[in-house]
Every structure is written in structure tokens, then in C-alpha cells.
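Notes for the one structure printed next.
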Amino acid sequence: MKRSKIKELLGMQPGAEVLAKGWVRTKRGNKQVKFIALNDGSTINNIQVVANTEIIDEETIKRITTGASLAVKGELVASIGSGQAVEIQAKEIEVIGECDPMRFPLQKKDTSLEYLRSVAHMRLRTNTFGAVLRIRHAMAFAIHKFFNDKGFVYLHTPLITESDAEGAGDMFQVTTMDLKNIPLDKKGNVDFSKDFFGKKTSLTVSGQLEGELGATAVGEIYTFGPTFRAENSNTPRHLAEFWMIEPEMAFYDINDDMELAEEFVKYLVQYALDHCMDDLQFLNDKYDDGLVERLRSVLGIAFQRVTYTEAVDILEKAVANGKQFEYPVHWGTDFQSEHERYLVEQHFGKPVILIDFPKDIKAFYMKQNEDGKTVRGMDVLFPKIGEIIGGSEREADLQKLETRIDELGMSRKNLEWYIDTRRYGTVPHAGFGLGFERLLLFVTGMANIRDVIPFPRTPKNAEF
Ligand code: 4AD
Ligand code: MG
């Protein structure tokens with residue numbers, strides 16, 4: 001008999017002989033009859049298996065414990081109990097893999113997210129992580145669909161690179177050198193010519209610079225891959241390894257860029273509401289009763305566009321009126337997430353797109369405004385999260401770009417390949433980066449970024 005997924009079974013009419021396979025969530029009942037909740041990961045919902053002790057032998061019933069894996073053959077019948085339309089009247093149950101209830105880590109009373117992080121190798125088996133994984137998958141699929149439907153080309157940018165795109169220096173070095181015996185040159189510096197690539201290399205912090213090479217060749221590209229940042233930030237919004245989506249578009253200015261970013265996130269939220277409602281409802285009921293409402297709320301409204309300078313005014317007025325922030329704010333400072341969240345949650349009550357930042361707090365590649373002080377960057381800020389997207393129009397002018405690289409004391413020589421895009425047929429272009437896990441924080445309502453990626457990497461934590 002062919003196995004049916006539980007998701008299918010729950011949508012079928014009663015009457016059929018079926019075979020289901022999955023893991024036991026719970027078992028309850030009395031001497032005559034046991035009710036087993038079986039889940040196979042195809043949906044948040046379990047199928048109820050009714051095991052009559054006259055049909056299923058006692059020994060088998062005993063081995064059916066939370067976490068055990070089963071194959072169940074029986075008839076799909078209408079359920080009298082509430083909560084499900086159909087259930088399986090078992091005729092045959094095979095215990096595929098037993099699960100010792102005394103040792104199974106998910107059997108414990110403590111089901112807090114914090115406890116689950118300590119048994120992260122097993123937490124994927126919980127309802128919560130099942131829901132998160134399915135939503136994560138749906139969002140990844142929707143991202144490819146969005147760009148594919150628009151004719152963007154998926155560009156694979158390197159993970160190992162010599163360039164620090166963001167210029168922040170938070171890079172993980174990649175080397176095959178023996179750390180106990182590092183080759184030095186005559187001046188006593190590390191001799192990277194002896195290293196695997198013959199130069200100093202690191203894991204990428206962003207695929208953008210290579211993305212610009214693609215966009216100025218085939219027009220519109222996007223990347224979607226892991227990025228790595230060795231920032232020592234132990235916050236609920238930072239990972240050392242996170243996934244980023246970076247579209248880059250030739251002939252786009254900052255306004256086109258903002259429009260695409262807004263359309264993109266709204267599309268993804270709509271896709272989640274259309275395709276993941278069972279999982280969203282589960283997370284809504286368990287962790288965050290405002291979740292579904294909040295998702296719907298971003299769809300109908302235009303995001304608020306505001307310049308950095310206007311935002312500083314708003315924040316300074318708030319401080320003058322008694323609002324207390326942990327970090328001070330004045331023109332020239334980089335906003336902290338408390339400032340971003342004040343703008344989004346208290347002041348405007350909707351997502352905000354901040355533009356025109358002081359050039360000194362942004363990367364070298366951003367297009368400079370005429371005022372000589374600000375650049376055409378944009379950050380999209382979301383409720384509960386703060387920054388979810390960072391992007392900009394790029395400096396397309398060769399001279400201005402070179403001057404900026406010099407001003408920042410960066411090496412022009414290492415960036416010749418990038419500067420060539422401005423030498424040969426330069427065009428206005430723009431792009432942005434969406435942090436995949438930040439998006440998932442918003443869509444799932446989870447509060448900690450460690451709970452929206454299967455195997456989180458954070459300072460002092462790289463298990464599995
Ligand atoms: O603002 P960022 O640093 O921008 C860039 O990397 C640009 N090169 C993007 C571009 O224009 N193509 O990072 C982009 C986004 C942030 O808005 C945030 O959502 C996410 O990446 N992000 C992180 N997510 C999780 N953990 C971290 N440590 C993150 N750092 C950035
Ligand atoms: Mg940023």
C-alpha cells in the first residue's frame with residue numbers, strides 16, 4: 001500500500017484504506033482504546049490514530065511512546081471527537097523506531113524556547129520548529145518565484161572572497177595555514193602568498209559587489225545565499241551566519257529601489273498568508289496573538305518614507321518630551337534598534353523607509369547626494385525588528401567613487417575589478433539586501449533570531 005502524507009489524509013473523505021507513517025506526539029486513552037496523535041511534518045496538524053486493544057496487541061501498544069516512529073494501516077473514518085474531521089481506525093501498527101521516554105529530550109516538562117535551544121538537534125521535531133521550517137521553506141520558494149517572474153537572474157556570488165564589501169572589517173578569515181607555524185615575510189608580516197589562495201581571504205559579508213558585476217551585464221540579478229559576520233553582537237537579531245537576498249538592478253535609481261523593496265516584502269507576507277495559514281495560526285495562538293493581524297496590517301498601507309535628517313528631528317523631539325533611549329541620538333549617529341522601533345511602532349505606526357544618511361555611517365559605494373554630506377542609502381524598518389533591509393543607489397561616477405575610496409583609506413588596487421564597472425559603460429544602478437532571518441522573525445512572530453534558523457551560529461556557539 002502506498003503511504004499517504006498526513007496533510008493529504010486530513011483533506012480526504014472517509015472510507016479509504018490508508019497507510020500513514022510518522023512520529024508519535026502523544027498517546028492517551030483507557031484500557032479498551034488508545035488515541036495516538038501522529039505527525040509526519042507535512043502539516044502542523046496531527047492525525048488521530050484510534051488503536052483498539054482488541055485489534056492491536058498489548059506489546060505493541062506499550063512500545064508506542066512519545067517520539068516513537070510508526071507505520072499505521074487502517075481505515076480512514078469520520079471522527080466523532082472534536083478537532084478533526086477524520087481519523088484512522090488502526091488495523092495494523094508497526095513500531096519502526098522506539099523512543100525511550102525516560103531519555104527523550106522532548107519529553108521533558110520544560111518546552112520553553114530557551115530549553116529547546118539547548119537540545120537544538122532534536123528541537124526540529126517539535127510543532128514549533130515544524131511550523132518555522134515550513135514557513136522558512138515557503139519564503140525561500142516565494143523569493144525565487146518573485147524574482148523569476150520579473151525576469152531577474154539568480155547569480156551565485158562567491159562565499160570565499162578577498163573583498164570586505166561593507167568595509168566594516170567583521171570578517172571570518174579563511175586559511176589552510178598551520179596556526180602554530182605561520183609563515184612570515186622578511187618584515188615579519190604574515191606571508192599570505194604561502195596560503196591556499198596566495199592571498200588573504202575571508203568568508204563573504206555580502207555578495208553585493210559581485211552582484212553589481214552581474215547587474216551591469218545582464219540587467220537585473222539577485223543573490224540568495226549565506227553571509228558571515230564576525231560581529232560580537234549577542235542580540236536577538238544578530239547571527240554570525242545568516243542568509244541574505246541581494247537584488248541588484250541596472251538603470252534603477254533610489255526611488256525604483258524603494259518601490260521594489262516594498263513590493264517584494266509585501267509579496268512575501270502575502271505569500272505566507274496565502275500558503276502558510278495553519279502554521280501562522282499555530283504560532284499566533286502559541287506565542288504572539290498579534291501575529292496574523294500584524295502581517296495583514298503591512299499589506300494595505302504605503303510604507304512611510306522619511307529622510308534620516310527628519311528622523312533625527314523626530315527622535316530629538318521625543319527625547320525633549322521625556323522619551324528615554326539607552327543610546328544618545330543626534331545628527332551623525334547610526335540609529336540603534338530602539339530608535340528604529342520608536343519611529344516604526346510609536347511615531348508612524350507602520351513600516352518606515354529611511355533615506356539620505358550621513359555618508360560617514362554608510363559604506364563607500366553609496367551614491368553621494370548634492371549636499372556633500374549625505375548618501376542615497378535606504379533602510380527599511382519593520383515593527384518589532386527594526387532594520388530588515390539595507391540598500392542604496394550606487395555611486396556610478398568613476399571620479400567620485402575613487403575619491404571616496406581614497407578618503408576612507410581603502411585600497412583602490414584591491415577594488416580595480418569593481419571600479420572597472422564605472423570605467424566601461426557605467427550606468428545608474430541600485431540594490432538592497434534583505435536579511436532572510438530578519439524577514440522570518442517578522443513573518444513567524446518569533447522573538448529570537450536563533451529560533452528561525454535550524455542551526456544558529458552566534459558567538460561561542462557553533463554546534464553540529
Ligand atoms: O545593511 P547590510 O549590512 O547591507 C548590506 O550588506 C548591503 N551589501 C546590502 C545591499 O545593498 N546589497 O545588511 C543587509 C541586511 C540587514 O538589513 C539585515 O536585515 C541583515 O542583512 N543583517 C543581518 N541579519 C542577521 N544577522 C546579522 N548579523 C545581520 N547583519 C545584517
Ligand atoms: Mg544595514
Side-chain angles (χ1 to χ4, degrees), residues 139 143 147 152 155 157 161 163-172 203-215 220-249 252 254 256-258 260-261 264-265 268 308 334-337 339-340 344 351-355 357-358 361-367 375-382 384-395 418 429-443 446 448-453 456-459 461:
M139 290 295 90
I143 285 161
F147 287 120
F152 281 52
L155 183 76
T157 50
T161 178
S163 95
D164 180 0
E166 295 305 298
D170 303 320
M171 301 185 86
F172 289 101
L203 294 176
T204 188
V205 295
S206 157
Q208 179 196 321
L209 302 193
E210 295 88 350
E212 289 184 48
L213 303 180
E220 290 161 331
I221 63 93
Y222 69 105
T223 72
F224 186 0
T227 47
F228 308 87
R229 296 195 185 178
E231 318 166 75
N232 199 3
S233 328
N234 245 317
T235 82
R237 284 175 307 279
H238 287 87
L239 289 166
E241 176 180 294
F242 64 98
W243 288 63
M244 185 155 45
I245 299 98
E246 295 186 272
E248 190 71 35
M249 297 74 62
Y252 269 50
I254 186 70
D256 303 322
D257 202 32
M258 286 192 278
L260 183 73
F264 181 43
V265 279
L268 297 176
Y308 169 90
D334 209 355
F335 292 168
Q336 301 293 325
S337 87
H339 305 127
E340 296 172 342
V344 173
V352 168
I353 309 185
L354 270 183
I355 50 170
F357 294 86
I361 61 170
K362 289 294 184 187
F364 76 97
Y365 51 68
M366 292 196 184
K367 183 175 169 67
V375 288
R376 262 176 228 178
M378 65 144 182
D379 279 0
V380 181
L381 313 180
F382 258 49
K384 295 199 66 171
I385 311 223
E387 182 189 335
I388 189 165
I389 285 179
S392 73
E393 186 172 339
R394 318 306 187 191
E395 184 53 79
Y418 178 75
H429 62 288
F432 60 83
L434 168 69
F436 190 44
E437 286 77 18
R438 298 262 176 104
L439 169 80
L440 288 170
L441 280 177
F442 183 70
V443 173
M446 301 301 275
N448 193 315
I449 201 162
R450 293 164 181 79
D451 298 331
V452 295
I453 186 164
R457 270 82 184 89
T458 50
N461 172 38

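Every number for a ligand or one of its atoms is a count from 1 in the order of the listing. Index from 1, following the sequence.
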Review point. Within the stated cut-off of 2.8 Å, is an N/O/S atom of Glu387 closer than that to the Mg ion (ligand 2)?
Key: yes
Revision key, fill the gap. Min over Met244, Glu248, Met366, Glu246 of heavy-atom distance to atom 14 (C) of ligand 1 lands on Met244
Exercise for review: Answer yes when Lys362 and Asp379 have at least one side-chain N-carboxylate O distance shorter than 4.0 Å, and no when they do not.
Suggested key: yes
Review point. Which atoms of ligand 1 are found less than 4.0 Å from any heavy atom of Arg394?
Key: 10 (C), 11 (O), 12 (N)
**Study point:** Aromatic ring pairing Phe335/Tyr308, orientation class (parallel under 30°, perpendicular over 60°, tilted between)
**Key:** parallel
Check your understanding: So do the side chains of Glu437 and Leu239 get within less than 4.5 Å of each other, counting heavy atoms only?
Key -> yes
Point to revise | Ligand-side contact atoms (ligand 1) for residue partner Arg237, heavy atom cut-off under 4.0 Å | key: 25 (C), 26 (N)
Check your understanding: Salt-bridged, Glu248 to Arg394, with N to O below 4.0 Å?
Key -> yes
Review point. Can you tell me if Gln208 and Tyr365 form a side-chain donor-acceptor pair at under 3.5 Å?
Key: yes
Practice item. Would you mind running through ligand 1 and noting each atom that sits below 4.0 Å from a heavy atom of Tyr365? Key: 7 (C), 8 (N)
Study note, to complete from the structure: Heavy-atom proximity to atom 16 (C) of ligand 1, picking from Met378, Glu387, His238, points to Glu387
Study note, to complete from the structure: Judged by heavy atoms only, the candidate from Glu393, Glu166, Glu231 nearest atom 4 (O) of ligand 1 is Glu166
Review point. Considering only the protein, which heavy-atom contact is closest to atom 19 (O) of ligand 1, and what is its distance?
Key: Ile388 O, 2.8 Å
Check your understanding: So, do Phe228 and Phe172 have ring centers that fall under 6.0 Å from each other?
Key -> no
**Study point:** Within-shell test, Arg229 vs ligand 1, heavy atom, strictly < 4.0 Å
**Key:** yes
Check your understanding: Under 4.0 Å from ligand 1, counting heavy atoms only, is it the side chain of Phe242, its backbone, both or neither?
Key -> side chain
Check your understanding: Once the angle between the rings of Phe147 and Phe152 is folded into 0 to 90°, is it parallel (under 30°), tilted (30 to 60°) or perpendicular (over 60°)?
Key -> tilted
Practice item. Identify the protein heavy atom lying closest to atom 18 (C) of ligand 1, giving its residue, its atom name and the separation to 0.1 Å. Key: Arg438 NH1, 3.5 Å
**Study point:** Heteroatom proximity flag, Leu239 to ligand 1, N/O under 3.5 Å
**Key:** yes
Study note, to complete from the structure: For Glu231 and Asp170, the nearest pair of non-hydrogen atoms, with its separation, is CG-OD2, 3.5 Å
Point to revise | Sub-3.5 Å N/O-N/O distance, Gly435 and ligand 1 | key: yes
Check your understanding: Under 3.5 Å, side chain of Thr235 to main-chain N/O of Arg237, donor-acceptor pair present?
Key -> yes
Check your understanding: Quick one: which ligand 1 atoms are inside 4.0 Å of a heavy atom on Ile389?
Key -> 17 (O)
Point to revise | Closest approach of Ser392 to Gly377 (non-hydrogen atoms, all atoms of both residues) | key: CB-CA, 3.7 Å
Check your understanding: Which atoms of ligand 1 sit under 4.0 Å from any heavy atom of Gly390?
Key -> 1 (O), 9 (C), 10 (C), 11 (O), 17 (O)
Point to revise | Whether Phe264 and Phe432 hold their rings parallel, tilted or perpendicular, with breakpoints at 30° and 60° | key: tilted
Check your understanding: For ligand 1, is any non-hydrogen atom under 4.0 Å from Thr227's backbone (N, CA, C, O), its side chain (CB onward), both, or neither?
Key -> neither
Practice item. Could you list which atoms of ligand 1 come closer than 4.0 Å to a heavy atom of Gly391? Key: 11 (O)
Review point. Which residue supplies the protein heavy atom nearest to atom 15 (C) of ligand 1, what is that atom called, and how far is it?
Key: Gly433 O, 3.6 Å
